[in-house]
2 protein chains.
Amino acid sequence: MTKPLVHPAIEDVPVEAILHALSDRHRVALFSQIFHQDNPSSCVTLSCVLDQAIPKSTLSQHMRILREAGLIRGERRGVEMRNTSRHAEVEARYPGLLKAIVSAYAIQLEGK
Amino acid sequence: MTKPLVHPAIEDVPVEAILHALSDRHRVALFSQIFHQDNPSSCVTLSCVLDQAIPKSTLSQHMRILREAGLIRGERRGVEMRNTSRHAEVEARYPGLLKAIVSAYAIQLEGK
DNA sequence: CTTGGTAGTTCAGAGTTTCGGAACTAATGT
DNA sequence: ACATTAGTTCCGAAACTCTGAACTACCAAG
């Protein structure tokens, strides 16, 4: 039996939790990728965008933190996980927040 | 001898550090207050805006984290510290970021 | 059905970070 | 000189994070 993934309502997520989820260099990179991507990304695919390889148990924890902060939705599709951004929902509650963060991250990358 | 406070150039502050600094309920409350205030606020004054009293050693650490993330500037004036927001500098590097976060925090407060 | 591989999760211990009381410093007032 | 106020530093306890090893879930081939 597939155990259910936790996906809080955005109303139940405090801003601090969103900022905390994105306050890690790996997680902000992973989320930016999902944010810009139109079709869902699997975890393995995602880990390729990171500048350094990380263990899969660590990746799994990072994905859980992003999920529990209401930032992404994860659905099991066969053997892999399809991750999509919950951008629209977060935007409805906290307008401009994710865009500002993702843009800031992009600006930071430019200067490297 | 007054020991010097650390104030990094915004260029040297990664977005993650800013998000980390604001990912704590006390720090985001403190920063929002400084952000909205025109004249500098002392630490004691600031701690009054928190919903619960916190020890002053903890407050001191929180202020240091905000300073080292480039979010505020602290100047000793006699016995107390004058804290001001470095909003303009951060805005120049990461447009819209602080406003989006502070607004999101305000929205969250509304719903309480 | 069984074996094998792939994608991701859970567990538990080591390592790191944060919290907060007590002792400290620095400036000012009496 | 002594007391007071505002903030910092130190350091041990508590809370969090990382990651290897073992595990689950699904799918495909034999």
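Order of the sequence lines fixes the chain letters, A, B, ..., with proteins taken first and strands second; residue numbering starts at 1 for each chain.
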For the pair R64(B) and E68(B), find out whether any cationic side-chain nitrogen is under 4.0 Å from an anionic carboxylate oxygen.
yes

salt_bridge(R86(B), E91(B)) N-O dist < 4.0 Å
no

Answer with base, sugar-phosphate or nothing: what part of the nucleic acid does [X] contact at a heavy-atom distance below 4.0 Å?
{"X": "H62(B)", "result": "sugar-phosphate"}
{"X": "V79(B)", "result": "base"}
{"X": "N83(A)", "result": "nothing"}

DNA chain D: H26(A) or S42(B), which has the more 5' nearest nucleotide?
S42(B)

Please compare D24(A) and G78(A) by the position of their nearest nucleotide in DNA chain D and report the one closer to 5'.
D24(A)

Interatomic distance where [atom1] belongs to [X] and [atom2] belongs to [N] [whole Å]:
{"X": "R25(B)", "N": "dC19(C)", "atom1": "CZ", "atom2": "P", "value": "11 Å"}
{"X": "I65(B)", "N": "dT8(D)", "atom1": "CD1", "atom2": "C1'", "value": "14 Å"}
{"X": "M81(B)", "N": "dA26(C)", "atom1": "CE", "atom2": "P", "value": "14 Å"}
{"X": "Q61(A)", "N": "dT17(D)", "atom1": "CD", "atom2": "P", "value": "9 Å"}
{"X": "K56(B)", "N": "dC19(C)", "atom1": "NZ", "atom2": "C1'", "value": "16 Å"}
{"X": "R77(A)", "N": "dG8(C)", "atom1": "CZ", "atom2": "C1'", "value": "17 Å"}
{"X": "R64(A)", "N": "dC18(D)", "atom1": "CZ", "atom2": "P", "value": "11 Å"}
{"X": "R82(B)", "N": "dA27(C)", "atom1": "CZ", "atom2": "C1'", "value": "15 Å"}

Residue-phosphate contact under 4.0 Å: [X] side-chain N/O, [N] OP1/OP2:
{"X": "S57(A)", "N": "dT19(D)", "result": "no"}
{"X": "T58(B)", "N": "dC19(C)", "result": "no"}
{"X": "R67(A)", "N": "dT9(C)", "result": "yes"}
{"X": "R76(B)", "N": "dT25(C)", "result": "no"}
{"X": "H20(B)", "N": "dT18(C)", "result": "yes"}

Indicate yes or no: at least one non-hydrogen side-chain atom of F31(A) is less than 4.5 angstrom from one of L98(A).
yes

Between R25(A) and Q52(A), a side-chain donor and acceptor under 3.5 Å:
yes

Looking only at the side chains, is there a donor atom on one of S60(A) and S57(A) sitting less than 3.5 Å from an acceptor on the other?
no

